[in-house]
Amino acid sequence: MRFPPVSLSLKDGRPCLIREATPEDGPALFALERAVVQAREGLVKLPDELPADAAAFTARREAAGLHRQDGTAFPLVATAPGGALLGEASFLRPSYRMLRHGGVLGIGVHPDAQGLGVGRALMHHLLAWLRAHRDTNGDRVHRVELQVRGDNPRAQALYRSFGFVLEGTRRDFLRTEEGAWVDDLLMGLLLHPERP
Ligand SMILES: CC(C)(COP(=O)(O)OP(=O)(O)OC[C@H]1O[C@@H](n2cnc3c(N)ncnc32)[C@H](O)[C@@H]1OP(=O)(O)O)[C@@H](O)C(=O)NCCC(=O)NCCS
């Protein structure tokens with residue numbers, strides 16, 4: 001099932017469109033990722049660890065399966081009037097059949113657009129899309145998981161507000177360039193309490 005675009009207003013009154021991402025968004029998604037990584041908040045990547053250019057970034061997304069149209073990938077972007085990317089969120093399912101009811105969610109909002117409701121809107125619509133999805137054989141997505149840094153209370157609060165719970169902690173998972181040790185939190189959400 002494809003995602004029908006949704007228009008909404010951000011907290012500052014600016015209009016925003018949430019739509020499915022396409023391979024043509026690659027260069028804009030690369031610019032967005034670079035901006036989020038350069039802000040040095042919430043992610044585990046350093047600026048010099050980004051792909052060399054937009055083509056390499058786009059190829060990596062393709063290789064990860066993020067634009068597959070077979071129920072593997074659920075990529076969304078939030079755009080401003082004119083098309084500039086404000087944020088993105090995606091959900092990716094593994095190919096193994098025993099794990100196929102689950103997948104991993106990732107999200108990033110441009111530093112200039114944070115705190116305006118973009119992240120909440122992306123989460124809301126991505127989870128609604130997952131809840132509504134049916135594979136061709138009728139199977140549903142049941143389990144959503146994500147990883148979040150222990151020093152990222154903003155993202156943790158956002159996830160908890162959608163029902164995600166802490167499932168585990170990887171202690172001292174990352175070490176910042178300044179030498180701080182930071183835990184990684186594994187959070188999960190079951191979409192269908194009765195199980196599909
Ligand atoms: C975390 C992130 C996705 C949230 O998106 P956002 O658009 O900034 O957040 P929203 O404006 O939708 O706010 C969502 C919630 O976050 C919290 N929040 C927002 N801004 C905040 C701030 N400045 N300080 C603390 N909490 C804040 C609030 O609980 C808010 O809930 P509300 O809607 O009830 O007010 C975004 O800030 C981001 O991309 N950060 C950098 C990268 C990152 O951390 N990615 C997640 C990796 S796991």
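Note that ligands are numbered from 1 as they come in the structure, with each ligand's atoms numbered from 1 the same way. Since the structure is predicted, the reported quantities are computational estimates derived from the model, not experimental observations.
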Which ligand 1 atoms does [X] reach within 4.0 Å, using its non-hydrogen atoms?
| X | answer |
| --- | --- |
| Ala155 | 1 (C) |
| Gly108 | 39 (O) |
| Gly42 | 44 (O), 47 (C) |
| Gln114 | 8 (O), 37 (O), 38 (C), 39 (O), 40 (N), 41 (C) |
| Gly117 | 10 (P), 11 (O), 12 (O) |
| Val36 | 42 (C) |

Inset, instruction - Please write out which residues are connected to Leu29 in a hydrophobic cluster, directly or through intermediates, given that two of Ile, Leu, Val, Met, Phe, Trp, Tyr count as joined at side-chain heavy-atom separations below 4.5 angstrom. - result: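 Hydrophobic cluster check, Leu29: joined to Phe30, Leu32, Val36, Val37, Leu43, Leu50, Phe57, Val77, Leu85.
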Legend entry - Within 6.0 Å of CZ in Arg60, more than 12 heavy atoms from elsewhere: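 No, the 6.0 Å shell around CZ holds no more than 12 heavy atoms from other groups.
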Heavy atoms of the protein only: does one fall short of 4.0 Å from [atom]?
| atom | answer |
| --- | --- |
| atom 28 (C) of ligand 1 | no |
| atom 13 (O) of ligand 1 | no |
| atom 1 (C) of ligand 1 | yes |

Legend entry - Glu20 side chain near Pro4 side chain, heavy-atom distance below 4.5 Å: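 In short, these two side chains do not touch, never coming nearer than 4.5 Å.
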Residue part near ligand 1, for [X], under 4.0 Å between non-hydrogen atoms:
| X | value |
| --- | --- |
| Tyr159 | side chain |
| Asn152 | side chain |
| Gln147 | backbone |

Inset, instruction - Going by heavy-atom distance to atom 3 (C) of ligand 1, choose the closest among Leu43, Leu10, Val109. - result: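 When every heavy atom of Leu43, Leu10, Val109 is considered, Val109 comes closest to atom 3 (C) of ligand 1.
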Inset, instruction - Examine ligand 1 and decide if any of its atoms is less than 4.0 Å from a heavy atom belonging to Lys11. - result: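 It does; at least one heavy atom falls under 4.0 Å.
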Taking NZ, NE, NH1 and NH2 as the nitrogens, is one of them in [X] or [Y] under 4.0 Å from a carboxylate oxygen of the other?
| X | Y | answer |
| --- | --- | --- |
| Glu41 | Arg149 | no |
| Glu62 | Arg68 | no |
| Arg140 | Glu194 | yes |
| Arg61 | Glu33 | no |

Legend entry - Closest approach of any protein heavy atom to atom 31 (O) of ligand 1, naming residue and atom: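 Protein heavy atom with the smallest distance to atom 31 (O) of ligand 1: Arg120 NH2, 3.0 Å.
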Legend entry - For atom 22 (C) of ligand 1, the protein heavy atom that lies nearest, with its residue and separation: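 Scanning the protein heavy atoms, the shortest distance from atom 22 (C) of ligand 1 goes to Arg154 CD, 3.8 Å.
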Legend entry - Stepwise side-chain contact (heavy atoms from CB on, under 4.5 Å) test for Phe164 and Gln156: CA-CA 9 Å; Phe164 282 81; Gln156 290 167 36; over 6 Å; no
Legend entry - Pairs where residues 83-109 contributes a residue and the test salt bridge (charged side-chain N to carboxylate O under 4.0 Å, His left out) is met, not counting sequence neighbours: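 Sorted result for residues 83-109: Arg93-Asp135.
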Legend entry - Least distance between heavy atoms, Leu191 atom then Val141 atom: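 What the structure gives for the nearest pair is CD1-O, 3.5 Å.
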